[in-house]
Trainee: 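Sharing a structure below in structure tokens format, with a few things to ask.
Letters A, B, ... mirror the listed sequences (proteins, then strands); counts begin at 1. Predicted model only: the values in this text are computed from it and were never measured.
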Number of protein chains: 2
Amino acid sequence: MNKEKSFHSKCHKSKSCAKYETCPMFLFHKLVSGKWKLLILWYLSDGCLRFSELKKKLPDVTQKMLTNQLRSLENDRLINRKVYAVIPPKVEYSLSEMGEKMLPLLEEMYKYGIDYLKESDNT
Amino acid sequence: MNKEKSFHSKCHKSKSCAKYETCPMFLFHKLVSGKWKLLILWYLSDGCLRFSELKKKLPDVTQKMLTNQLRSLENDRLINRKVYAVIPPKVEYSLSEMGEKMLPLLEEMYKYGIDYLKESDNT
DNA sequence: CCGGATCCACAGAGATACTG
DNA sequence: CAGTATCTCTGTGGATCCGG
């Protein structure tokens, strides 16, 4: 997964980002471009959710994929994973501090969606 | 690709979005969650680029994938595709009106990336 | 020559069953 | 309940071919 090979002599435009790994936009892209990550973050923006609750909200995502995406988000420190040692098992996911910083961005994405729908209607 | 099957009784929280297809966040997610779409939009934010220029800026993306992503973005009317009937062929891609509306959002993503890098350094 | 279509091989995603 | 394990199959990468 980690391709540390490729360097972008000009990551983009004239802004400062000499290398692949250190370009902010590539980084952001890497963080959220997982197949379901944006939606997971969005659903967690209201507060912590159990695995099964998240699964219910994302019926198109397979259990395996959901686990993968959550692990990835956890590794990138965008969400927290809290395991309760009870039976039946209970695992809660919530936005981390870095994850919460993405909240305004998520709101803007939501607004863009509204705008897009409006434009589509006019067509 | 088009799964029009699944409905989300509660797309998210209490905001208004009864169905899968009409939830703004799902829509936004669908628009940009392609494997390379965000970066393509980002690179096009400076102005139109030829296919080969885009390819140069995204060395990790295969030609086929780049074509796919561009087609998808074009179908979603986020970018324009202009073909010049010359030899050798020349195809230019640029942000559409809807694509340009995403510019502030892209800038915010970039800023988030900077912030994320800063936080990582402190760790 | 450039944009992209086609063919094949393989990693990754879907579906289902199983476990602590 | 929250995952793993296994199998299958789609989608992606890589190379090649093509039309303008």
Trainee: If you check the B:Pro89 side chain, which of D:dC1, C:dC2, C:dA5 turns out closest?
Mentor: C:dC2
Trainee: Tell me: CD of B:Gln69 to P of C:dG3, nearest whole Å?
Mentor: 18 Å
Trainee: Whole Å only: how far is the CH2 atom of B:Trp36 from the P atom of D:dG11?
Mentor: 19 Å
Trainee: Quick one: A:Leu66 CG to C:dA13 C1', roughly how many Å, whole number?
Mentor: 13 Å
Trainee: Name the closest nucleotide to the A:Met65 side chain, picking from D:dT4, C:dG3, C:dG14.
Mentor: C:dG14
Trainee: Between A:Lys82 (NZ) and D:dA2 (C1'), how many Å, whole number?
Mentor: 17 Å
Trainee: Would you mind reading off the distance between A:Lys90 atom NZ and D:dC1 atom P, rounded to a whole angstrom?
Mentor: 12 Å
Trainee: Identify which one of B:Lys111, B:Glu108, B:Met109 satisfies the side chain to side chain contact (heavy atoms under 4.5 Å, CB included) criterion when paired with A:Phe28.
Mentor: B:Met109
Trainee: From C-beta outward on B:Thr62, which listed nucleotide comes closest to its side chain: D:dG14, D:dT12, C:dG14?
Mentor: D:dG14
Trainee: Going by the angle between their ring planes, with limits at 30° and 60°, are B:Tyr93 and B:Phe51 parallel, tilted or perpendicular?
Mentor: tilted
Trainee: Would you mind telling me which of C:dG3, C:dA5, D:dA2 lies closest to the side-chain atoms of A:Val91?
Mentor: D:dA2
Trainee: Do the side-chain N or O atoms of A:Thr67 get closer than 4.0 angstrom to the phosphate oxygens (OP1, OP2) of D:dA2?
Mentor: no
Trainee: Which of these passes side chain to side chain contact (heavy atoms under 4.5 Å, CB included) with B:Arg50: B:Lys56, B:Lys55, B:Lys90?
Mentor: B:Lys90
Trainee: Side-chain N or O of A:Tyr93 versus OP1/OP2 of D:dC1: is the shortest distance under 4.0 Å?
Mentor: no
Trainee: Between A:Leu70 (CG) and D:dC1 (P), how many Å, whole number?
Mentor: 17 Å
Trainee: Side chain of A:Lys35 only, heavy atoms from C-beta on: which candidate in D:dG13, D:dG3, C:dG14 is closest?
Mentor: C:dG14
Trainee: Taking side chain to side chain donor-acceptor pair (under 3.5 Å) as the cut-off, I'd like each qualifying pair that reaches into residues 63-74 of chain A, sequence neighbours left out, listed once.
Mentor: A:Lys37-A:Ser72
Trainee: Round to a whole Å and report the spacing from NZ of B:Lys55 to C1' of D:dA15.
Mentor: 13 Å
Trainee: When you measure only distances, ignoring hydrogens and angles, does the side chain of B:Lys64 come within 3.5 Å of the base of D:dG14 through a donor and an acceptor?
Mentor: yes
Trainee: Can you tell me if the side-chain N/O atoms of A:Arg81 get under 4.0 Å from OP1 or OP2 in D:dA2?
Mentor: no
Trainee: With respect to the side chain of A:Gln63, which nucleotide from D:dA2, C:dC7, C:dA5 is positioned closest?
Mentor: D:dA2
Trainee: Would A:Glu119 and B:Lys101 pass as an ion pair if we require N to O under 4.0 Å?
Mentor: yes
Trainee: Please state whether the phosphate of D:dG3, meaning OP1 or OP2, lies under 4.0 angstrom from any side-chain nitrogen or oxygen of A:Arg50.
Mentor: no
Trainee: Rounded to whole Å, please give me the gap between CG in A:Leu58 and C1' in C:dG14.
Mentor: 16 Å
